[in-house]
K.L.:
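Following this message is one structure expressed as structure tokens.
The residues of the chain are indexed from 1 along the displayed sequence.
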Amino acid sequence: MDIILKYFPELSDVQKQQFAALEALYTDWNAKINVISRKDIGNLYEHHVLHSLGIAKVIRFTPGSRIMDLGTGGGFPGIPLAILFPEVHFHLVDSIGKKVRVATEVAHSIGLGNATFSHTRAEEVKDTYDFVVSRAVMPLADLMKIIRKNISSHQQNALPNGLICLKGGELANETMPFRHKATIWNLSDYFDEEFFQTKKVVYVPVV
């Protein structure tokens with residue numbers, strides 16, 4: 001939990017309580033339904049919560065924004081972002097029902113009122129959002145084909161509406177189709193820990 005306060009010291013008491021509750025909740029649920037690697041659950045705050053919040057280092061969503069988290073798994077990056085941005089609506093989608101159940105139960109347990117959940121394939125989601133966020137679920141080109149229909153034409157944020165992904169490693173080939181539009185931020189510029197040396201945020205506007 002200290003690592004979250006290190007980079008986000010302005011949290012309210014409610015937000016601190018919500019973040020602090022995640023460890024016990026995910027440890028308990030992960031023992032029943034594996035949503036985080038068993039060997040990695042001890043790194044929950046660094047590898048999953050803070051990693052999710054990397055998106056908040058490149059954009060601060062305006063109140064009233066609508067965000068879809070595609071392939072959320074156990075709730076990443078959607079749940080940490082929903083805690084950080086209580087006036088923004090997050091819709092978390094995954095095709096695996098038991099993972100959606102974990103995310104839903106965790107959110108309910110911490111009183112997260114700005115998140116909704118859907119057990120469905122992204123292709124079947126018809127609603128529109130300001131941004132789609134995702135954590136390395138598939139190549140950018142494939143993601144763009146699926147989510148283009150879900151991006152609203154109404155703009156209300158500092159960046160034009162589009163896709164924001166958490167990615168790792170070498171991205172030159174993957175971003176090639178979007179090389180004139182994509183923006184890449186290195187999370188090592190924001191977070192000191194070695195884990196973030198190869199981690200990036202990739203943004204592609206949908207216009």
K.L.:
Does His47 reach the side chain of Ile36, with side-chain heavy atoms less than 4.5 Å apart?
P.N.:
no
K.L.:
Is the ring pair Phe195/His51 parallel, tilted or perpendicular, if the boundaries are 30 and 60 degrees?
P.N.:
perpendicular
K.L.:
Out of Val201, Val58, Thr175, which one pairs with Ile184 under the side-chain contact (heavy atoms from CB on, under 4.5 Å) rule?
P.N.:
Thr175
K.L.:
Once rounded to the nearest 0.5 Å, what's the spacing between atom CE of Met138 and atom CE of Met144?
P.N.:
13.0 Å
K.L.:
Is there a chain of hydrophobic side chains (I, L, V, M, F, W, Y, each step under 4.5 Å between heavy atoms) that links Val204 to Ile151?
P.N.:
yes
K.L.:
Hey, could you give me each pair passing side chain to side chain donor-acceptor pair (under 3.5 Å) that has a residue in residues 156-170? Not counting sequence neighbours.
P.N.:
Thr62-Asn157, Ser65-Asn157, Asp130-Gln156, Lys167-Glu174
K.L.:
Should the pair Asp28-Lys32 be classified as a salt bridge under the 4.0 Å nitrogen-to-oxygen rule?
P.N.:
yes
K.L.:
I'd like to check Val93 versus Asp69 (side-chain heavy atoms, cut-off strictly below 4.5 Å). Are they in contact?
P.N.:
no
K.L.:
For the residue pair Gly111 and Gln18, what are the closest heavy atoms and their distance?
P.N.:
O-NE2, 3.8 Å
K.L.:
Can you measure from NZ (Lys126) to NZ (Lys149) and round to the nearest 0.5 angstrom?
P.N.:
6.5 Å
K.L.:
Quick check: closest heavy atoms across Ser118 and His91, and the distance to 0.1 Å?
P.N.:
CB-NE2, 3.4 Å
K.L.:
Are Asn150 and Asp127 side-chain neighbours, meaning at least one heavy-atom pair lies under 4.5 Å?
P.N.:
no
K.L.:
Do other residues, nucleotides or ligands put more than 12 heavy atoms under 6.0 Å from Asn173 CG?
P.N.:
no
K.L.:
To the closest 0.5 Å, what do you measure between CD1 (Ile79) and OG1 (Thr72)?
P.N.:
6.5 Å
K.L.:
Using side-chain contact (heavy atoms from CB on, under 4.5 Å) as the criterion, point out the one residue from Leu140, Val133, Leu70 that pairs with Cys165.
P.N.:
Leu140
K.L.:
Is Lys145 atom NZ crowded by more than 12 heavy atoms from other residues, nucleotides or ligands, each under 6.0 Å away?
P.N.:
no
K.L.:
To the nearest 0.5 Å, tell me how far Leu50 CG sits from Glu193 CD.
P.N.:
6.5 Å
K.L.:
Do the numbers put Lys6 on top of the ring of Phe191, so that NZ or CZ is under 6.0 Å from the six-membered ring centre and no more than 45° off the axis?
P.N.:
no
K.L.:
Above 12 or not: heavy atoms from other molecules or residues under 6.0 Å from NE2 of His119?
P.N.:
yes
K.L.:
Minimum heavy-atom separation for Ile110 to Ala21, with atom names?
P.N.:
CG2-CB, 3.8 Å
K.L.:
Anything under 30° is parallel, anything over 60° is perpendicular, the rest tilted; go ahead and classify Phe85 against Phe61.
P.N.:
perpendicular
K.L.:
Step by step, work out the side chain to side chain contact (heavy atoms under 4.5 Å, CB included) result for Tyr7 and Tyr190.
P.N.:
CA-CA 8 Å; Tyr7 295 108; Tyr190 304 98; over 6 Å; no
K.L.:
When you compare the side chain of Asp13 with that of Lys16, does any pair of heavy atoms fall below 4.5 Å?
P.N.:
yes
K.L.:
When rounded to the nearest 0.5 angstrom, what distance separates CZ in Phe19 from CG in Leu11?
P.N.:
6.0 Å
K.L.:
Contact between Leu112 and Phe90 at the side-chain level, heavy atoms closer than 4.5 Å - yes or no?
P.N.:
no
K.L.:
Under 4.5 Å between side-chain heavy atoms, hopping through other hydrophobics if needed: is there a path connecting Tyr203 to Phe196?
P.N.:
yes
K.L.:
Going through the distances and angles, do Val49 and Phe76 end up as a side chain to side chain contact (heavy atoms under 4.5 Å, CB included)?
P.N.:
CA-CA 7 Å; Val49 180; Phe76 302 101; 4.1 Å; yes
K.L.:
Give the cluster check for Leu53 versus Phe131: same hydrophobic cluster or not, with ILVMFWY residues linked at side-chain heavy-atom distances below 4.5 Å.
P.N.:
yes
K.L.:
Please check if atom CD in Glu10 has more than 12 non-hydrogen atoms from other residues, nucleotides or ligands closer than 6.0 Å.
P.N.:
yes
K.L.:
Find the distance between CH2 (Trp185) and CD1 (Ile55) and round it off to the nearest 0.5 Å.
P.N.:
10.5 Å
K.L.:
Just so I know, are the side chains of Lys57 and Phe8 near enough to count as touching, which here means a heavy-atom distance under 4.5 Å?
P.N.:
yes
K.L.:
For Met176, is there any backbone N or O sitting under 3.5 Å from a side-chain donor or acceptor partner on Arg179?
P.N.:
yes
K.L.:
Under 4.5 Å between side-chain heavy atoms, hopping through other hydrophobics if needed: is there a path connecting Leu81 to Val35?
P.N.:
yes
K.L.:
So, the side chain of Tyr45 versus the backbone of Ala20: is there a donor-acceptor pair under 3.5 Å, distance only?
P.N.:
yes
K.L.:
Please check this pair: side chain of Gln15 against backbone of Leu84, looking for a donor-acceptor N/O pair closer than 3.5 Å.
P.N.:
yes
K.L.:
Which heavy-atom pair separates Ser52 from Pro77 by the least distance, and what is that distance?
P.N.:
OG-CA, 3.2 Å
K.L.:
Under the criterion side chain to side chain contact (heavy atoms under 4.5 Å, CB included), I'd like the reasoning laid out for Ile67 against Tyr129: C-alpha separation, chi angles, the key distance, then a yes or no.
P.N.:
CA-CA 5 Å; Ile67 316 294; Tyr129 301 87; 5.8 Å; no
K.L.:
Are Met68 and Phe117 grouped together when hydrophobic residues (ILVMFWY) are joined by side-chain heavy atoms under 4.5 angstrom apart?
P.N.:
no
K.L.:
What do the steps show when you test Leu166 against Leu187 for side chain to side chain contact (heavy atoms under 4.5 Å, CB included), and what is the final call?
P.N.:
CA-CA 9 Å; Leu166 291 161; Leu187 285 178; 4.1 Å; yes
K.L.:
Does Glu87 have more than 12 heavy atoms from other residues, nucleotides or ligands lying within 6.0 Å of its CD?
P.N.:
no
K.L.:
Before you tell me yes or no, could you show the steps for Asp40 and Ser37 under side chain to side chain donor-acceptor pair (under 3.5 Å), namely the whole-Å CA-CA distance, both residues' side-chain angles and the distance that decides it to 0.1 Å?
P.N.:
CA-CA 5 Å; Asp40 203 33; Ser37 162; 5.8 Å; no
K.L.:
Quick one: does Asp94's side chain have a donor or acceptor within less than 3.5 Å of a partner on Val100's backbone?
P.N.:
no
